Trainee: 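Dumping the structure here so I can ask a few things about it.
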Amino acid sequence: MSLYERWLRPLAFSLDPETAHALAVDALAAAGSFKPLRALIERAYGFEHSALKTTVAGLDFPNPVGLAAGFDKDCRAVPALCAFGFGFIELGTLTPRAQGGNPRPRLFRFPSREALVNRMGFNNEGAETAARRLSRLRKSHIPIGVNIGVNADVQPEEAPAAYAQAFSRVRQWGDYFVVNVSCPNQQGFRRLQEKLRLERILTALKALNREAKPVFVKLSPDLELEELSSLVGLLMDQASGVVCTNTSLARDMGPGAPPLPEDAVATRGGLSGAPLRALSTKTIREVYRLSGGRLPIIGSGGIFSAEDAYEKIRAGASLVQVYTGLVYRGPALVPEIKRGLARLLAGHNLSSVREAVGCSHMASAQP
Ligand SMILES: Cc1cc2nc3c(=O)[nH]c(=O)nc-3n(C[C@H](O)[C@H](O)[C@H](O)COP(=O)(O)O)c2cc1C
C-alpha cells in the first residue's frame, strides 16, 4: 500500500470530493514554485526507459502515460504536475469566458467500484486567465496539451467561432490541442460531435492554426458504431488524432459487467474510473479498426494499472491518460504503470511501445 493509500486517501476521502480536489491543486500549485521540492518529486516518481519513448503527431513523448483533462482545469499546477513523471499533461477544459459550472455538489465518489461521477459543467476561469498563467512558465520537458470547449450559453451555430476564440487565446502555449465535444454535463453539447458541426469547428481552428500544431478531438464512449464510422473519415482528414474517451452517461456497462451501486445509477453526470474501462477500450478498438490504424489515439478511461494501459495500447492507443485512477491510487500509479509497461513490453520481446499499438487487431498476435 502506498503512502497515499495509507495516509492521504483516508484524509482526502473524509472531505467532500470537490474540496479535496481543490486542496490538492492548491498544494500542487504551491509545491511547484519550490524548486527543491520539485526535484525531490522528480527523483521519487522518475522512471525512464528507452522502450517507453514514443513520437505521436510529430511530438516526442518520454513515456506514453499522461494526465487527463479536468484535473488542472485552470493551468495552476503545471510545474509540479510535470515533476510527477507523466509523459505529457493535458490542461483545461478552457472556455473563452470564465464560468462557474453547475451547482454543487457535482462530484461524487463510489469507492466500492473505484468510480467517480461528475457534472462539473466546465467550471473554469477562462482561456485568457489560463493563457496569462501559461505565459509565465518555462518551456516544459514534456508536451503540454490544452483542451478547449465553449461556454454554456453558446448556440451550436456559434460554436466554431467560440472554439476559435478559445484556441486563439492559448494556441501559443500548448504543444497540442484537444477539441472537447464530448462533455456530457453541458446541455446539448455532445451534439457538436455531429459530423457537419464538427467539420465547421475544425475548419475554423485550421484557419488560425498557422504553426500547424496537432489538434485532437475528444470523443464520447456513448457514440453508436454508425456515428463513429461517419466521424472517422472526417477526423482522418481534419484532425491529428482523437482522445478516446470522455466520461459516460451509461450506467449499464454492458454484458458481463457487474451492476453499479444504486446511488451511482441515480447520480446524474459522467461516469469515470473502473466501470468505464471496457467501454472506452471498445471505442479505441473501433476507431483503430475504422481508421486502419492511421488515426493516432490517446486512450483514457479506467486505467488503474500497467495491464489496463497495455490493453488500451494493444487495442490501438498510442498514448494513454489517467485521472480517476490517481484519485484512488495516488501519484505512485504513474511510475507503477511505466515500470509495468516496460516489463510487459520486454516480456513480449518488443523494444518499443509503438510496436504494441493495435497489436490485438492482428489475428495471430500474442502480445
Ligand atoms: C472530476 C472530473 C472532471 C473532468 N473534467 C474534464 C474536462 O474538463 N475536460 C475533459 O475533456 N475531460 C474531463 N474529464 C474526463 C477525463 O479527462 C477522462 O477522460 C475521464 O475521466 C476518463 O478517464 P478516467 O477513468 O481515468 O478518469 C473529467 C473527469 C473527471 C473525473
Side-chain angles (χ1 to χ4, degrees), residues 16-22 24-25 65-75 86 88-95 99 101-102 104-110 113-127 130 145-152 166 176-186 189-190 192-193 216-222 242-250 253 264 267 269-281 283-284 297-305 308-309 312 317 319-329 333-334 337:
D16 148 74
E18 191 170 344
T19 305
H21 180 256
V25 175
V65 186
L67 174 69
F71 185 89
D72 187 8
K73 287 178 187 277
D74 291 311
C75 312
F86 292 108
F88 62 110
I89 60 172
E90 192 173 308
L91 306 166
T93 296
L94 294 165
T95 55
Q99 69 177 22
N102 291 321
R104 289 172 77 158
R106 53 193 179 176
L107 176 57
F108 308 86
R109 301 183 195 101
F110 299 96
R113 297 297 311 281
E114 295 193 302
L116 295 174
V117 170
N118 91 83
R119 49 170 185 263
M120 305 300 287
F122 285 168
N123 54 310
N124 78 109
E125 295 177 52
V146 182
N147 180 310
I148 54 174
V150 293
N151 291 95
Y176 76 90
F177 295 86
V178 177
V179 177
N180 184 358
V181 279
S182 49
C183 170
N185 303 312
Q186 207 160 264
F189 182 74
R190 297 201 298 180
L192 297 175
Q193 284 173 117
F216 286 70
V217 174
K218 188 160 181 178
L219 297 177
S220 161
D222 302 332
V242 288
V243 182
C244 295
T245 64
N246 214 316
T247 56
S248 174
L249 287 181
M253 306 318 285
T267 303
L271 176 74
S272 62
L276 177 63
R277 186 178 303 138
L279 192 57
S280 83
T281 305
T283 310
I284 293 168
I297 300 169
I298 303 176
S300 140
I303 297 177
F304 282 67
S305 68
D308 297 340
K312 282 191 165 45
L319 301 164
V320 294
Q321 294 178 324
V322 290
Y323 187 151
T324 306
L326 292 173
V327 173
Y328 285 97
R329 303 289 165 82
L333 180 63
V334 182
I337 294 177

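The model shown is predicted, which means the values in this text are computed figures rather than measured ones. Atoms within a ligand are numbered from 1 in the order they appear, just like the ligands themselves.
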Trainee: Is Q99 reaching over with its side chain to a backbone N or O of F122, donor-acceptor style, under 3.5 angstrom?
Mentor: yes

Trainee: Considering only the protein, which heavy-atom contact is closest to atom 8 (O) of ligand 1, and what is its distance?
Mentor: K73 NZ, 2.9 Å

Trainee: Could you check whether any side-chain N or O of T324 sits under 3.5 Å from a backbone N or O of L116, counting only pairs where one atom can act as donor and the other as acceptor?
Mentor: no

Trainee: Below 3.5 Å, N or O to N or O, backbone or side chain included: is there any such pair between S300 and ligand 1?
Mentor: yes

Trainee: If we set the cut-off at 4.0 Å for heavy atoms, which region of T245 has an atom near ligand 1: side chain, backbone, both, or neither?
Mentor: backbone

Trainee: Which residue supplies the protein heavy atom nearest to atom 1 (C) of ligand 1, what is that atom called, and how far is it?
Mentor: Y323 OH, 3.4 Å

Trainee: Is it the case that ligand 1 has an N or O less than 3.5 angstrom from some N or O of I303?
Mentor: no

Trainee: Report yes if the side chains of V178 and V243 come closer than 4.5 Å at any heavy-atom pair, otherwise no.
Mentor: yes

Trainee: Please list the nearest protein heavy atom to atom 21 (O) of ligand 1 with its residue and the distance rounded to 0.1 Å.
Mentor: S272 CB, 3.3 Å

Trainee: Return a yes/no value for N118: is any of its N or O atoms, backbone included, closer than 3.5 angstrom to an N or O of ligand 1?
Mentor: no

Trainee: Ignoring hydrogens and angles, tell me if any N or O in the side chain of Y323 forms a donor-acceptor pair with the backbone of S300 under 3.5 Å.
Mentor: no

Trainee: Given 3.5 Å as the limit, does a donor-acceptor pair link the side chain of R119 with the main chain of G269, or not?
Mentor: no

Trainee: Which ligand 1 atoms, with their elements, are less than 4.0 angstrom from a heavy-atom of L107?
Mentor: 1 (C)

Trainee: Tell me, do K312 and S280 make a side-chain contact under 4.5 Å, heavy atoms counted?
Mentor: yes

Trainee: What is the closest protein heavy atom to atom 4 (C) of ligand 1, and at what distance does it sit?
Mentor: G70 CA, 3.7 Å

Trainee: So which protein heavy atom does atom 9 (N) of ligand 1 come closest to, and at what separation?
Mentor: T93 OG1, 2.7 Å

Trainee: May I ask you to identify the nearest protein heavy atom to atom 15 (C) of ligand 1, giving residue, atom name and distance to one decimal place in Å?
Mentor: N246 OD1, 3.6 Å

Trainee: Of the protein's non-hydrogen atoms, which lies at the shortest distance from atom 16 (C) of ligand 1, and what is that distance?
Mentor: A69 O, 3.5 Å

Trainee: Could you list which atoms of ligand 1 come closer than 4.0 Å to a heavy atom of G302?
Mentor: 24 (P), 25 (O), 26 (O)

Trainee: Could an N or O of ligand 1 be found under 3.5 Å from any N or O of N147, whether backbone or side chain?
Mentor: yes

Trainee: What are the atoms of ligand 1, with element, lying closer than 4.0 Å to any heavy atom of L276?
Mentor: 22 (C)

Trainee: What do we get for K218 next to ligand 1 when only non-hydrogen atoms under 4.0 Å count, side chain, backbone, both or neither?
Mentor: side chain

Trainee: Should F71 and H21 count as side-chain neighbours, where that means a heavy-atom distance under 4.5 Å?
Mentor: yes

Trainee: By number and element, which atoms of ligand 1 are closer than 4.0 Å to a non-hydrogen atom of N180?
Mentor: 9 (N), 10 (C), 11 (O)

Trainee: Are the side chain of N246 and the backbone of L219 linked by a donor-acceptor contact shorter than 3.5 Å?
Mentor: no

Trainee: Looking only at protein heavy atoms, which one is nearest to atom 27 (O) of ligand 1, and how far off is it?
Mentor: T324 OG1, 2.6 Å

Trainee: Using side-chain heavy atoms (C-beta onward) and a distance below 4.5 Å, is N147 in contact with F177?
Mentor: no

Trainee: Taking N180 for its side chain and G149 for its backbone only, find out whether a donor-acceptor pair lies under 3.5 Å.
Mentor: no

Trainee: Does G273, backbone or side chain, put an N or O under 3.5 Å from an N or O of ligand 1?
Mentor: yes

Trainee: Yes or no on side-chain hydrogen bond (donor to acceptor under 3.5 Å, both in side chains) for S220 and R190, after CA distance, side-chain angles and deciding distance?
Mentor: CA-CA 8 Å; S220 161; R190 297 201 298 180; 3.0 Å; yes

Trainee: Of all the atoms in ligand 1, which lie at a distance below 4.0 Å from a heavy atom belonging to L116?
Mentor: 31 (C)

Trainee: Stepwise, does the salt bridge (charged side-chain N to carboxylate O under 4.0 Å, His left out) test hold for E114 with R329?
Mentor: CA-CA 10 Å; E114 295 193 302; R329 303 289 165 82; 2.9 Å; yes

